[in-house]
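The figures here come from the full heavy-atom set of this structure, side chains too, leaving out hydrogens, waters and symmetry mates. Every chain is numbered from 1, with letters handed out A, B, ... down the list of sequences.
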Protein chains: 2
Amino acid sequence: MPVRNKIKQIRKEKGIKQLQMAEDLQVTRQTLTAIEKGKYNPSLELAMKIAHYFDQSVEEVFTLEEEL
Amino acid sequence: MPVRNKIKQIRKEKGIKQLQMAEDLQVTRQTLTAIEKGKYNPSLELAMKIAHYFDQSVEEVFTLEEEL
DNA sequence: CTTATATGTAAAGATATCTTTACATAATTT
DNA sequence: AAATTATGTAAAGATATCTTTACATATAAG
């Protein structure tokens, strides 16, 4: 059950730069890039910070893939 | 910003045993105990599985503490 | 009281998450 | 075209998450 995210899409819609967002969330830009690219999933804490940063719920940003 | 959870409380309300729940979620009972006790936070994937297991949202089960 | 069931805890090891440093390419601006 | 800004990537190291094995205590049932 991999987790997919819509971070890049939402970030683009809101016109936010990776660097800006990384600083606001107090993580490195590399962390954000890796997560957007699906290299790994964020911790629960970071996932909640990201969702709330977008004024959205965790489920609106991250989805648990059913198949497999 | 620590993450708090209501897993034990919700599990008790639903009358589910740790072992039963651990098997359903395909994690060890020790993992569940540690998370309920706040020794560490679950991964995002496990957090979403737990919330959905309870038919609840991540935010209903896990809360991001504001202060600090 | 003895047995069984539910929960708590711990240590060692594996893998995942995140940082730091560094470099590379793509896209935008001048 | 040159400079600046935005994004992609990688490797080493630190810490977090999770498993396995094992034992301990608490609560309930016989």
Inter-axis angle, terminal five-pair segments of the helix from C:dC1-D:dG30 to C:dT30-D:dA1 [nearest 10°] |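 End axes: 40° apart.
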Measure the distance from [atom1] on [X] to [atom2] on [N] and round it to the nearest whole Å.
X: B:Q9; N: C:dT7; atom1: CD; atom2: P; result: 16 Å
X: B:K12; N: C:dG8; atom1: NZ; atom2: P; result: 7 Å
X: A:Q20; N: D:dA6; atom1: CD; atom2: P; result: 10 Å
X: A:Q18; N: C:dA27; atom1: CD; atom2: P; result: 14 Å
X: A:I16; N: D:dT5; atom1: CD1; atom2: C1'; result: 17 Å
X: A:K17; N: C:dA26; atom1: NZ; atom2: P; result: 18 Å

For residues [X] and [Y], report the shortest heavy-atom separation together with the two atoms involved.
X: B:N5; Y: B:I35; value: ND2-O, 3.1 Å
X: A:L32; Y: A:Q18; value: CD2-O, 3.5 Å
X: B:R4; Y: B:E65; value: CG-OE2, 3.1 Å
X: B:F62; Y: A:M48; value: O-CE, 3.2 Å
X: A:F54; Y: A:I7; value: CZ-O, 4.0 Å

B:R11 side-chain N/O to C:dA6 phosphate OP1/OP2 under 4.0 Å =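 It does not, given that no N or O in the side chain of B:R11 lies less than 4.0 Å from OP1 or OP2 of C:dA6.
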Using a cut-off of less than 4.0 Å, is there contact between a side-chain N or O of B:K8 and OP1 or OP2 of C:dG8?
->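 For C:dG8, OP1 or OP2 has a side-chain N or O of B:K8 closer than 4.0 Å.
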Check: A:E59 side chain, B:V58 main-chain N or O, donor-acceptor pair, under 3.5 Å =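 Such a contact is found between A:E59 side chain and B:V58 backbone.
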Around B:K39, counting heavy atoms of other residues, nucleotides and ligands shown, do more than 12 lie under 6.0 Å from its NZ?
->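 Open: at most 12 neighbouring heavy atoms sit under 6.0 Å from NZ of B:K39.
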Enclosure of B:Q26 CD (heavy-atom neighbours >12, cutoff 6.0 Å) =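 No, not enclosed.
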With rounding to the nearest 0.5 Å, note down the distance linking NZ in A:K14 to CE in A:M21.
->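 It comes to 10.0 Å.
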Per-nucleotide protein contact along nucleotides 9-20 of chain C, 5' to 3', at a 4.0 Å heavy-atom cut-off (B base, S sugar-phosphate only, - neither), is BB------SBBB
